J.: 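Let me begin by handing over the structure; questions about it come next.
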Amino acid sequence: MTPFTLVTGVAAPLPIANVDTDQIVPGRFLKGTTRDGLGKVLLAPLRYDPDGREQQDFILNREPWRQAKILVTLDNFGCGSSREHAAWALADFGIRTVLAPSFADIFYNNAFKNGLLPAKLEAGAVERLLALAGNPATCLLKVDLEAGEVTAATGETFPFDVPAEKREALLSGLDEIGRSLKLEPAIAEFETRHLPGVPPIPEWEVLSARLR
């Protein structure tokens with residue numbers, strides 16, 4: 001994953017609660033085998049009409065929000081099915097962080113696994129950020145994971161909390177496999193102590209397993 005420390009960019013307001021994963025990336029687009037191109041269908045039911053034409057009044061179809069790196073939305077974002085494609089579509093579009101009062105649990109965890117920051121803020125802070133994001137003059141936000149705060153163009157700051165383990169994973173750019181590999185010396189030492197007589201795995205086999 002790309003390490004997440006500080007992101008400064010355009011924030012797009014999406015003042016809708018309970019945005020589910022089928023809205024984020026509809027099931028008919030899940031036939032592909034790669035993540036590439038999913039950004040084009042992000043929030044497709046809201047971005048396009050039934051004939052595939054852009055809805056001109058939808059926020060992500062307008063400048064400067066076409067370049068959004070931050071999404072500000074309401075409660076329970078990412079509810080519905082567990083599809084990881086929802087996080088993939090956001091990332092492929094260019095979104096690095098979603099700001100909301102709450103998230104569906106599975107989406108919340110999938111986001112971290114894919115280098116996205118789902119930051120929980122107080123409802124009042126989100127309402128203020130929605131107002132700022134909706135104005136081209138104030139839609140630029142700075143999200144600082146190390147400081148645990150969002151800074152608006154007006155100078156206002158809004159704190160957020162992230163679980164320590166997930167915060168460190170984003171800051172280091174390590175997914176679950178990467179974090180496990182960092183523990184290889186401890187794992188090898190444990191095997192030596194608790195599996196006497198079992199020869200250690202040759203290094204070439206370890207490297208081969210990583211490439212599979």
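Bear in mind the structure is a predicted one, so any value in this text is a computation, not a measurement. Both backbone and side-chain heavy atoms feed into the values below; hydrogens, waters and symmetry mates do not.
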J.: State, to 0.1 Å, how close Glu156 and Leu132 come at their nearest heavy-atom pair, and which atoms those are.
T.: OE2-CD1, 3.9 Å

J.: State, yes or no, whether a side-chain contact exists between Leu74 and Glu127 at a heavy-atom distance under 4.5 Å.
T.: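 The answer is yes, as the side chains (C-beta and beyond) meet within the 4.5 Å cut-off.
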
J.: Is the closest side-chain heavy-atom distance between Leu42 and Leu60 below 4.5 Å?
T.: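 In contact.
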
J.: For the pair Arg167 (side chain) and Asp161 (backbone), establish whether a donor and an acceptor sit closer than 3.5 Å, ignoring hydrogens and angles.
T.: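 Not a single qualifying donor-acceptor pair exists.
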
J.: For Ile95 and Leu116, work out which heavy atoms get closest and say how close.
T.: O-CD2, 3.0 Å

J.: Identify the heavy atoms of Ala68 and Phe93 that sit nearest to each other, and give their distance.
T.: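 Closest pair (atom of Ala68, atom of Phe93, distance): O-CE2, 3.9 Å.
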
J.: Is a side-chain N or O of Arg83 found less than 3.5 angstrom from the main chain of Val25, in a donor-acceptor match?
T.: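 Present.
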
J.: Indicate if Val126 and Val10 have the same hydrophobic cluster label, given that clusters are the connected sets of ILVMFWY residues with side-chain heavy-atom separations under 4.5 angstrom.
T.: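 Yes, Val126 connects to Val10 through the hydrophobic network.
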
J.: Does the side chain of Val98 reach to within under 4.5 Å of the side chain of Val72, using non-hydrogen atoms?
T.: no

J.: Given 3.5 Å as the limit, does a donor-acceptor pair link the side chain of Thr97 with the main chain of Ile70, or not?
T.: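 No; judged by distance alone, with no hydrogens or angles, the pair does not exist.
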
J.: Apply side chain to side chain contact (heavy atoms under 4.5 Å, CB included) to Asn61 and Arg66, showing your working.
T.: CA-CA 6 Å; Asn61 295 334; Arg66 285 183 182 274; 4.2 Å; yes

J.: So, Asp92 side chain and Gly37 main chain: donor-acceptor pair closer than 3.5 Å or not?
T.: yes

J.: Quick one, Cys139 with Trp65, criterion side chain to side chain contact (heavy atoms under 4.5 Å, CB included). Give me CA distance, side-chain angles, the key distance, then yes/no.
T.: CA-CA 9 Å; Cys139 66; Trp65 298 282; 3.8 Å; yes

J.: Could you go through the side chain to side chain donor-acceptor pair (under 3.5 Å) check for Thr157 and Thr151 one step at a time?
T.: CA-CA 4 Å; Thr157 60; Thr151 303; 5.9 Å; no

J.: For residues Leu46 and Ile59: do they belong to one hydrophobic cluster (side chain heavy atoms under 4.5 Å, members Ile, Leu, Val, Met, Phe, Trp, Tyr)?
T.: yes

J.: Would you say Asp20's side chain and Asp22's backbone share a donor-acceptor pair under 3.5 angstrom?
T.: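 Judged by distance alone, yes, a pair lies under 3.5 Å.
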
J.: Let me check something: do Val143 and Val162 share a hydrophobic cluster, defined by ILVMFWY side-chain heavy atoms less than 4.5 Å apart, either directly or through other members?
T.: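 Cluster IDs for Val143 and Val162 match.
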
J.: Output the distance between atom CG (Leu170) and atom NZ (Lys113), rounded to the nearest 0.5 Å.
T.: 13.0 Å

J.: Under a 4.0 Å N-O cut-off, is there an ion pair linking Arg47 with Glu54?
T.: no

J.: Which atom names give the shortest non-hydrogen contact between Ser172 and Pro3, and what distance separates them?
T.: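 Looking at all heavy atoms of both residues, the shortest contact is O-CG, 4.0 Å.
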
J.: Measuring only between side-chain heavy atoms, which start at C-beta, is Leu141 closer than 4.5 Å to Leu129?
T.: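 Sidechains of Leu129 and Leu141: in contact.
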
J.: Thinking salt bridges, do Asp57 and Arg62 make one under a 4.0 Å N-O criterion?
T.: no

J.: Could you tell me whether the side chain of Leu99 reaches within less than 4.5 Å of the side chain of Phe160, counting heavy atoms only?
T.: no

J.: Could you tell me whether a side-chain N or O of Asp144 sits under 3.5 Å from a main-chain N or O of Gly148, the two making a donor and an acceptor?
T.: no

J.: For Trp88 and His85, take the angle between the two ring planes, folded into 0 to 90°, and tell me which bin it lands in: parallel under 30, tilted 30 to 60, perpendicular over 60.
T.: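 Trp88 and His85: tilted rings.
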
J.: Would you say the side-chain atoms of Asn109 pair up with the backbone N or O of Asp105, donor to acceptor, closer than 3.5 Å?
T.: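 Looks like yes, one N/O pair under 3.5 Å.
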
J.: Are side-chain heavy atoms of Val41 and Leu38 found at a separation under 4.5 Å?
T.: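 Yes, at least one pair of side-chain atoms sits under 4.5 Å.
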
J.: Within the structure provided, determine whether Leu14 and Leu43 are in side-chain contact (heavy-atom separation under 4.5 Å).
T.: yes

J.: How many angstroms lie between atom CG of Leu140 and atom NZ of Lys69, to the nearest 0.5 angstrom?
T.: 9.0 Å

J.: Write down the atom of Ala104, the atom of Gly78, and the distance for their closest heavy-atom approach.
T.: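 For Ala104 versus Gly78, the nearest heavy atoms are CB-O, 3.2 Å.
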
J.: Here's one to test your reading of the geometry: is the NZ or CZ of Lys120 within 45 degrees of the ring axis of Tyr108 and under 6.0 Å from its centre?
T.: yes

J.: Kindly say whether Phe103 contributes a backbone atom to a donor-acceptor pair with the side chain of Asn76 at under 3.5 angstrom?
T.: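 No, because the side chain of Asn76 does not come within donor-acceptor range (under 3.5 Å) of the backbone of Phe103.
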
J.: Grouping I, L, V, M, F, W and Y whenever their side-chain heavy atoms are under 4.5 Å apart, do Leu171 and Phe4 come out in a common cluster?
T.: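 Both belong to a single hydrophobic cluster.
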
J.: Ignoring hydrogens, what is the shortest heavy-atom contact between Ser82 and Ile106? Give both atom names and the distance.
T.: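 Here Ser82 and Ile106 meet closest at CB-CG2, 3.6 Å.
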
J.: Heavy-atom count check: over 12 atoms from other residues, nucleotides or ligands less than 6.0 Å from Gln55 CD?
T.: yes

J.: Would you say Ile24 ends up clustered with Ile16 if hydrophobic residues are merged whenever their side chains have heavy atoms under 4.5 Å apart, either directly or through other cluster members?
T.: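 Yes, same cluster.
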
J.: Counting distance only, does the side-chain N/O of Ser102 pair as donor-acceptor with the main-chain N or O of Asp75 below 3.5 Å?
T.: no

J.: State, with a plain yes or no, whether a side-chain heavy atom of Cys79 is found less than 4.5 Å away from one of Phe107.
T.: no

J.: Under the side chain to side chain donor-acceptor pair (under 3.5 Å) rule, what do Asn114 and Glu84 come out as? Steps first, then yes or no, please.
T.: CA-CA 9 Å; Asn114 288 279; Glu84 195 168 2; 2.8 Å; yes

